[in-house]
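Take this structure first; my questions come after.
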Amino acid sequence: FQGLLLTLFCFAGPPPIEWFYVVWEVARLLVLALVSCGIIHIAVKFKWFSLTRAQLFVRAGVACVLGSVPATAVSYQFSRYYHDPVFPWSTSGDLCYNAVLLLVWGALFSSFHLYRINRALELNQAQMAAASKGAQLAALTNQINPHFLFNSFSLLRVLVQRDPGV
């Protein structure tokens, strides 16, 4: 990774300190985005959203702490390349910062995903209720039809008996 940094900055030397922090944060967020995609894939594949909330929070917390390690490694490589006495780098602080970023992102995604699941369940329940009402209506219609036919034929029979010319 350090070779990549040297290749990026070899033409103009080290960037000014403000741009360096922007590049640092962009690299951190890109790594966190990739890690969060992996965590989301694992959560969906292993059906974490069907677990209890406590189990989901424990698994998400462990995944976020473990997932923040690659972003911390990126930050460490940046800090080794550009030593800044004003902004000292701390492994534990950066690990916590990355874990908090992942937890916030995970909470937002989980809320959205659980909302979609609940919305789909509500839609399914509404469709099932409509299908049930339709089946009840069809059953009542089928019960009424034979009586209607019987009554119609009975009326015709009575009319024919009274006035055979009709």
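Since the model is a prediction, treat every value here as computed from it, not as a measurement.
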Does atom CZ of Phe57 have more than 12 heavy-atom neighbours, drawn from other residues, nucleotides or ligands, at distances under 6.0 Å?
->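 For Phe57, atom CZ is not crowded (no more than 12 foreign heavy atoms under 6.0 Å).
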Single-linkage hydrophobic cluster, 4.5 Å side-chain cutoff, Val44 and Leu121 together =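 Yes; Leu121 is reachable from Val44 via cluster members.
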State, to 0.1 Å, how close Trp48 and Ala63 come at their nearest heavy-atom pair, and which atoms those are.
->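 Minimum heavy-atom contact is CH2-CB, 4.2 Å.
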Between Leu102 and Ser36, which heavy-atom pair has the shortest distance, and what is it?
->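 Scanning both residues completely, I find the closest heavy atoms to be CD2-CB, 3.8 Å.
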Should Arg28 and Tyr97 count as side-chain neighbours, where that means a heavy-atom distance under 4.5 Å?
->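 Yes, at least one pair of side-chain atoms sits under 4.5 Å.
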With the side chain counted from C-beta on, respond yes when Ile40 and His113 share a heavy-atom pair under 4.5 Å apart, and no when they do not.
->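 A side-chain contact under 4.5 Å is absent here.
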Got a second to check how far Phe112's CZ is from Arg119's CZ, nearest 0.5 Å?
->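 The distance works out to 12.5 Å.
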Interatomic distance, Asn118 atom CG to Leu123 atom CG [nearest 0.5 angstrom] |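 Rounded to the nearest 0.5 Å, the CG-CG separation comes to 12.5 Å.
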Specify the closest pair of heavy atoms between Ala99 and Ser68, including all atoms of both residues, with the distance to one decimal.
->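 It is N-CB, 3.5 Å.
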Rounded to the nearest 0.5 Å, how far does CG of Leu114 lie from CZ of Phe109?
->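 Phe109 atom CZ to Leu114 atom CG measures 9.0 Å (nearest 0.5 Å).
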Do Leu29 and Val35 belong to the same hydrophobic cluster, where Ile, Leu, Val, Met, Phe, Trp and Tyr are linked whenever their side-chain heavy atoms lie under 4.5 Å apart, directly or via other members?
->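 Leu29 clusters together with Val35.
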Specify the closest pair of heavy atoms between Leu32 and Ala71, including all atoms of both residues, with the distance to one decimal.
->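 Scanning both residues completely, I find the closest heavy atoms to be CD2-CB, 3.6 Å.
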State yes or no: do Val65 and Val100 share one hydrophobic cluster built from I, L, V, M, F, W and Y residues joined by side-chain heavy-atom distances below 4.5 Å, directly or via other members?
->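 Different clusters: Val65 never reaches Val100 through Ile, Leu, Val, Met, Phe, Trp or Tyr contacts under 4.5 Å.
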If you round to the nearest 0.5 Å, how far is CG of Leu103 from CG of Asn98?
->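 One gets 11.0 Å once the value is rounded to the nearest 0.5 Å.
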Side-chain donor/acceptor of Ser132 to backbone N/O of Met128, under 3.5 Å |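 Judged by distance alone, no pair lies under 3.5 Å.
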Starting at CG of Leu56, measure out to CG of Leu51 and round the result to the nearest 0.5 Å.
->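 Taking CG in Leu56 and CG in Leu51, the distance rounds to 6.5 Å.
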